[in-house]
Structure formats: structure tokens, C-alpha cells
Protein chains: 2
Amino acid sequence: MKHILIIDDDTELCELLQEYLASEKFATSTAHGGATGLEMVRNGSFDLVILDVMLPEMNGLEVLKSIRSFSKIPVIMLTAKGDEVDRVLGLELGSDDYLPKPFSPRELVARIKAVFRRLGNAEEHGVRPESLKIEIADIFIESATRTATRNGSDLALTEVEFSILENLMRAAGTVVERQELALKVLGRRLSYDDRSLDVHMSNLRRKLGTIADDKDRIKTIRGVGYLYVRS
Amino acid sequence: MKHILIIDDDTELCELLQEYLASEKFATSTAHGGATGLEMVRNGSFDLVILDVMLPEMNGLEVLKSIRSFSKIPVIMLTAKGDEVDRVLGLELGSDDYLPKPFSPRELVARIKAVFRRLGNAEEHGVRPESLKIEIADIFIESATRTATRNGSDLALTEVEFSILENLMRAAGTVVERQELALKVLGRRLSYDDRSLDVHMSNLRRKLGTIADDKDRIKTIRGVGYLYVRS
DNA sequence: TCTGAAGTTTAAGAAATGTAAAGGCCAGTG
DNA sequence: CACTGGCCTTTACATTTCTTAAACTTCAGA
């Protein structure tokens, strides 16, 4: 498993990323200051560093420079919007990529994978949760092609709907929390008046149809989350 | 130790690369003009050449052409932003790889290693490098000849279309970001209203045709990029 | 039973992506 | 040197997908 270090003073963002990266099977650690981060890179054995250019005490570029003085570990920089200058500088100093804020966790994950791919460091050839196929009752999903069928006929789900279903079915029989689901599927936490996930749930349920007795395949656990009933 | 010659008029870039390549245990020399570079290739015993297409006196392509008239030394071309034509021409003239600017030094190193790896394999097995051919389901591509076939019949892709397909297939099963794809394939970042990539995607999909059940081989991940489905 | 919080639903709006057709560029050709 | 054909880009509109808005329903606890 790849171990990733996040150096960013924004604790909230760090938590968010940690959660999301965890769901993508990455191990993560965080440092909220340049000096601390640098120390951790020196001592720890990380596979990749995510580094914010805007750091309170020590500039991100300096941190990168310091890192490069003793290590060739891949670094992805997080830059503020339109920070062209920093970007060029970052690349010249040896960052592997950069990502302008704001970005979605999905984008970041795509970059991380791209970096590992470029480096030929593809450990991703090992276990591939991607290639999973799941079947519960008459519903069948295949992650590799991102399709879902009921009795063999395509359900024509959108990406988000498929993603919800995939997450729920993988955890069939146990409750998946709302916030966790939103994070994985929409790439963000839900504010209290964000009804987006509810709408997707509604649409998904309609497409899935009911099981016998008009019972729903997806059960709502009020105040917690959702549960896919195991047949 | 491998000895690399860098032919580029940008002295700053040369220094940067030299430093970086040194840290990767490569010996380097530089030439800031086409004629000088050509002479050095002729006299020196280099293992690989990094060649900028944009050179003051003598065009990089001409330099490549001249080199090829007497040597089969591996050449990696550095192409300027959006220099599609030059790139294609470069490949046709026998460059081993190309890298659109701006690129990170790490990326260049990855390419260099890839080239050496390919050559190593080729010598060992006396066969064309495997990594340049990819086959997924009934689609087969060969980078060396820039051809793609479905069930043996030529798909007649344009260079951009082929390049998109190549990139997606190399990353089959994982998402390739729109921006990354645009950068590699078109040599530029997409502005908000640049629909060029979409059009190419559309054309490519039409030529590729659908897999069973009208399912697309290339899946759109809204807001992130594209995914070639691994069957 | 009343009430507020949580969840659902439908519809409208916004954003991203798809695609046909026209436009422009450039190399090859007569 | 105009002509032609291939290819990429732009334009303009269509379509799909996600989000927001707002009204409605359900549920738990007072």
C-alpha cells in the first residue's frame, strides 16, 4: 500500500483528503507546518508527498527545495488559483505535478495515480477493487465497465448513481454513513441544506425498482445513513 | 553509466536538466546549437540524445534527420506548446519518444528510463518492444507505426485520435484527467470554452464503435476525465 | 397529537459534455 | 501558384447529468 504525506496547514482539508484517500486504499499522514512536514519526509518512508505552496511559517517552495536536497520522492503541489508563476517554479524545482485549488478529491486521486503510472511504479496492478463484480438478488454490477443490470437488462445509471450503488453493495448488510457516501461519491462533505445526495438516492431507487412487497432495496437509517439489504 | 547529450539553446533549462539527470546517475553533456550538437553526436559516444525541436539556427527536425542518416541512437524530442505537426514529423523521422513542454524533470527521466528499458528488452529478445503494443478486447494499437485496428481492420485514426487512444489504453481501468490528456495530446491546457478535445473524443468514439449492448469503450467521468474500460 | 428535524420527491436551473457543420491551415499536386 | 484534401479547431446547438429550490412526507420525542 502506498503511503502519502499531506503537508497543509488547513486541518479541515487534511481530514477530508485523509478520508477520501483512505477510501482509495492509500495510507496517509499529515503535517500542518513546513518544518514538521520536512522532518517527516526525512524520517518516514512515504511514497508521495502532497504539498501546499501556501504555508504559514515556511513557504511550500522552500519545503520542496529542501526535500529535493535529500530525496527524489514524488511531490504534488497544491497551488492557489491562477498561480502560474509558482507553478513554473514548482516544476523547475522538481515537483511532479501541481493542482490548482479548488480541486475535488477525485481529481487529486487521478493525479496521484497518474504520477505513479508515469514513474512506472504501478503497484496498482496488484489488487484491483476496480475489477470487482457483485451480485445481490437480481441486481448485478461490474465495476470495470461501470454498468449495472437487473435480470440482465441495463439500468442506465449515471456515474454518481452507479457509484452510490457500488458503495452500498460493497457494504451490503452494514450501514454506510451519509457523509462518507457523499465524500466518496460527490467528492465533498454535505452542508446541512445540501440535498444533492438525496436526489441521487431518489433517482437510484426509482431505477432500481422495488423488491417483492414493495420493499426498498436501500433502507434509510435515519440520522446515520443507508443500508443495502442483503437478500 | 549512460551518457546523455542535451541539445537545447535554453541554457537555464539545460543546467536544470543536467543537475537533475546527474542526481539520477546519468552523465550529461550539452550543446546549445543544432550544428554543434550534430557534431557531438558524430564524434562522442552518447547513449541517448534529448533534442529540442525549437532551435535557433537549425531546426530540430533537421538535426534529427541528419542524426538518423548515420546513427540509430535513441532520441527524445522536446516539443513546444501545441506543436502537433512537429511532433508527428519527429516520430516519423525516427525519434523514440517526445515530451511536450512544459514537463517536469521527473517525467523526462521516466521517459529516458522507459526508452532504455525498451531497448534492453529489444536486444535481449530480438523483438520489437512489447510496451509499445497494447491490446484490449478487439482493439489493438501499435505505437511505433501509430496504427489502431479492430479485429485486424484499420481504424484510420488521425494522429490526435490515436494519441488519445494510446494514452487512455495505457491507463486502462483508471481515470485520465481531461487536462492531462489535453496537455499530452494537444500540447496545451484547455481553456474554459475549448471544445477541441470533446470533438476528438466524439470522433474517436464513433470510429471505435461500441462494445456489446451499445456500451461505450470510453467512459466519461464527469468533472474529472475519461476511463478506458478494461474488459 | 403536535412539532421540528430529517428525508423524499418533483421540477426547474445550471453546468458539463456530445456532436454536426463550417472554417481555417497546411502540405502535396498539377 | 491556385487547387485540393486531410485534419484540427471553432461555432452553435443538443443532450446529459448534477445541483438547487421548494413543497411534501415521515419519524421521534415532548
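In what follows, every chain begins at residue 1, and chains take the letters A, B, ... in the order their sequences are listed.
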Peer 1: Atom pairs, N/O to N/O, protein against nucleotides 13-18 of chain C, distance under 3.5 Å?
Peer 2:
from    : atom 1 : to        : atom 2 : distance (Å)
dA15(C) : N3     : Arg222(B) : NH2    : 3.1
dT17(C) : OP1    : Gly223(B) : N      : 2.9
dG18(C) : OP1    : Arg205(B) : NH1    : 2.5
dG18(C) : OP1    : Thr220(B) : OG1    : 2.7
dG18(C) : OP2    : Tyr226(B) : OH     : 2.9
dG18(C) : N7     : Arg195(B) : NH2    : 3.0
dG18(C) : O6     : Arg195(B) : NH1    : 2.6

Peer 1: For the pair made of CZ in Arg189(B) and C1' in dT9(D), what is the distance, rounded to whole Å?
Peer 2: 20 Å

Peer 1: Work out how much the helix from dT1(C)-dA30(D) to dG30(C)-dC1(D) bends between its end axes, five pairs an end, to the nearest 10 degrees.
Peer 2: 10°

Peer 1: What integer distance in Å separates Glu161(A):CD from dT8(C):C1'?
Peer 2: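 About 15 Å, once rounded to whole Å.
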
Peer 1: I'd like to check Arg188(B) versus Asp194(B) (side-chain heavy atoms, cut-off strictly below 4.5 Å). Are they in contact?
Peer 2: yes

Peer 1: Answer yes when Glu19(A) and Arg189(A) have at least one side-chain N-carboxylate O distance shorter than 4.0 Å, and no when they do not.
Peer 2: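 Looking at Arg189(A) together with Glu19(A), the answer is yes, because their closest N to O distance falls below 4.0 Å.
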
Peer 1: Which pairs would a plain distance check flag for residues 217-226 of chain A, meaning a side-chain donor or acceptor within less than 3.5 Å of a matching protein atom at least two apart in sequence or in another chain?
Peer 2:
from      : atom 1 : to        : atom 2 : distance (Å)
Arg217(A) : NH1    : Leu208(A) : O      : 3.0
Arg217(A) : NH1    : Gly209(A) : O      : 2.9
Arg217(A) : NH2    : Asp138(A) : OD1    : 2.5
Arg217(A) : NH2    : Asp138(A) : OD2    : 3.0
Thr220(A) : OG1    : Arg205(A) : NH2    : 2.7
Tyr226(A) : OH     : Arg178(A) : NH1    : 3.4

Peer 1: Send over the distance from Lys207(B) NZ to dC8(D) C1', rounded to a whole Å.
Peer 2: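 The answer, rounded to whole Å, is 12 Å.
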
Peer 1: For Leu190(B) and dT10(D), what is the distance between atoms CG and P respectively, to the nearest whole Å?
Peer 2: 10 Å

Peer 1: For the pair made of CG in Leu197(A) and C1' in dT19(D), what is the distance, rounded to whole Å?
Peer 2: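 My rounded result for the distance is 12 Å.
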
Peer 1: Quick one: Glu159(A) CD to dT16(D) C1', roughly how many Å, whole number?
Peer 2: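 Distance check: Glu159(A) CD to dT16(D) C1' gives 13 Å.
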
Peer 1: Is the distance from OP1 or OP2 of dT19(D) to the nearest side-chain N or O of His200(A) less than 4.0 Å?
Peer 2: yes

Peer 1: When all nucleic acid strands are considered with a 4.0 Å heavy-atom cut-off, which category describes Asn203(B): base, sugar-phosphate, or nothing?
Peer 2: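 Answer is nothing: Asn203(B) stays at 4.0 Å or more from every strand.
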
Peer 1: Can Arg111(A) and Glu180(B) be counted as an ion pair, charged N to O under 4.0 angstrom?
Peer 2: no

Peer 1: Send over the distance from Asp194(A) CG to dA21(D) P, rounded to a whole Å.
Peer 2: 10 Å

Peer 1: Return yes if a side-chain donor-acceptor contact under 3.5 Å exists between Arg206(B) and Asn203(B), otherwise no.
Peer 2: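 Yes, Asn203(B) and Arg206(B) have a side-chain donor paired with an acceptor closer than 3.5 Å.
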
Peer 1: Does Ala156(A) offer a backbone N or O that forms a donor-acceptor pair with the side chain of Lys207(A) under 3.5 Å?
Peer 2: yes

Peer 1: Could you measure the distance from the CD1 atom of Ile6(B) to the CG atom of Leu17(B)? Nearest 0.5 Å is fine.
Peer 2: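 Answer rounded to 0.5 Å: 5.0 Å.
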
Peer 1: If only side-chain N and O atoms count, and only distance matters, is there a donor-acceptor pair under 3.5 Å linking Asp193(A) with Ser191(A)?
Peer 2: yes

Peer 1: Can you name the one residue among Val41(B), Leu78(B), Ile7(B) that meets side-chain contact (heavy atoms from CB on, under 4.5 Å) with Leu51(B)?
Peer 2: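 So, applying the side-chain contact (heavy atoms from CB on, under 4.5 Å) to Leu51(B) and each of Val41(B), Leu78(B), Ile7(B), only Ile7(B) qualifies.
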
Peer 1: From CG of Asp193(B) over to C1' of dC13(D), roughly how many Å is that when rounded to an integer?
Peer 2: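 Between C1' of dC13(D) and CG of Asp193(B): 15 Å.
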
Peer 1: Does Leu157(B) or Thr158(A) map to a spot on DNA chain D nearer the 5' end, using the closest nucleotide for each?
Peer 2: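 Checking each residue's closest nucleotide, the 5'-ward one belongs to Leu157(B).
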
